[in-house]
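Not measured: the values here are computed from a predicted model. In what follows, every chain begins at residue 1, and chains take the letters A, B, ... in the order their sequences are listed.
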Number of protein chains: 4
Amino acid sequence: MKVIVDLCVVPMGVGVSVSPHVAACQEVIEASGLEYRMHAYGTNVEGPWDEVMAVVKRCHERVHQMGAPRITSTLKLGTRTDREQGMDDKVASVEALLGSRSSP
Amino acid sequence: MKVIVDLCVVPMGVGVSVSPHVAACQEVIEASGLEYRMHAYGTNVEGPWDEVMAVVKRCHERVHQMGAPRITSTLKLGTRTDREQGMDDKVASVEALLGSRSSP
Amino acid sequence: MKVIVDLCVVPMGVGVSVSPHVAACQEVIEASGLEYRMHAYGTNVEGPWDEVMAVVKRCHERVHQMGAPRITSTLKLGTRTDREQGMDDKVASVEALLGSRSSP
Amino acid sequence: MKVIVDLCVVPMGVGVSVSPHVAACQEVIEASGLEYRMHAYGTNVEGPWDEVMAVVKRCHERVHQMGAPRITSTLKLGTRTDREQGMDDKVASVEALLGSRSSP
């Protein structure tokens, strides 16, 4: 079962700046070899369910190791059995609709 | 690593009523033996990380088996290393604050 | 347009304990007169869209006033035009299915 | 109060393909004049709280008008009082950390 997730890890008890923790998660995701895209409020990751979920766990472990006593994350999880669809396909299908409407 | 999650599974392509799918997920969670509390927009589940995440995966598998071609779920994930805290502790600590303010 | 939301407000930069901030949000919600149910990872609130969203805004304002320099919240928003359905109806329809299966 | 949100609108009861509804929401957001970035599992929007929330409401209204009898959306909401920070700043601060580590 393939999954596309959107992961946003929020360390608590480390002050107001969390970019070092977010950067550490990016390194964890990069090291996994999975496809991913960071945005301003999370990161999309796609791949086999167990591999993606192992990455989510490693992100929590890494952020705790960096000293965060508490973490709250949000995760959206998309699976489908009717057809293969990657992250870029999702964006492309919306953009195709938008493009066809705005063309002269 | 213990986790408290809030899980909301949304089957797509099955029509407007999803209570059979939600009920099936409740059965999956119940069968796991983990502590849980259903509310009107999801279910809180607590336990060891791997056990909780295995339940989330089985919910997706079960809902696909019921015929849903597509699922989008939302999951909040809370972990902490500073102390043990269960679902009921979280609610109790807020209610204690509210109660002390409203007492005469 | 009526809405059922699930709101989870996370203050950042205030240390690891956030129950005072969560309790303050409960007071904001209570003062609104809207129906609500707190659980271990958020609070369900139902009512007219604009009233519910005004409450969400006041929660952010109150938590900033308490000294939190940064807040990240998660909100699920459910609307429907086919029929009226309250928070308790949602839970009841799932429990009815579960109850009918487990009866002898 | 300025806010950065991440919005993901999920129409229910319209079948498995929701890209027309997502495209309609993109048009609603575009028409608002607010800054936004679409990704594979939602759209980041930034601006004054009331303007951003008005866009979220119009997205629900538009998707219901398109025939969806039910919608469930997820929204992350970030506010801060300590300093101005836009969507691109958030991404840039993480990338700066990653870049400095990977440089020779």
CE-CH2 distance between A/Met53 and B/Trp49, expressed to the nearest 0.5 angstrom:
8.0 Å
What residue in B/Thr74, B/Val5, B/Ile71 has the most heavy-atom pairs under 4.5 Å with chain A?
B/Ile71
Can you check side chain to side chain contact (heavy atoms under 4.5 Å, CB included) on A/Arg70 and B/Arg83, steps first, answer last?
CA-CA 9 Å; A/Arg70 190 174 183 179; B/Arg83 64 182 181 94; over 6 Å; no
Return the NE2 to CZ distance between A/His60 and B/Arg80, rounded to the nearest 0.5 Å.
13.5 Å
Considering only heavy atoms, which portion of B/Val56 lies under 4.5 Å from any heavy atom of chain A: side chain, backbone, both, or neither?
both
Give the member of B/Thr79, B/Thr81, B/Val3 that has the highest number of heavy-atom pairs under 4.5 Å with chain A.
B/Thr79
In terms of heavy-atom pairs under 4.5 Å with chain A, which of B/Lys76, B/Lys57, B/Met1 leads?
B/Lys57
To the nearest 0.5 Å, how far apart are CG in B/Leu77 and CG in A/Leu7?
8.0 Å
Who wins among A/Ala68, A/Pro69, A/Cys8 for the most heavy-atom pairs under 4.5 Å with chain B?
A/Pro69
Is A/Asp6 close to chain B through its backbone or its side chain, or both, or neither, when contacts mean heavy atoms under 4.5 Å?
neither
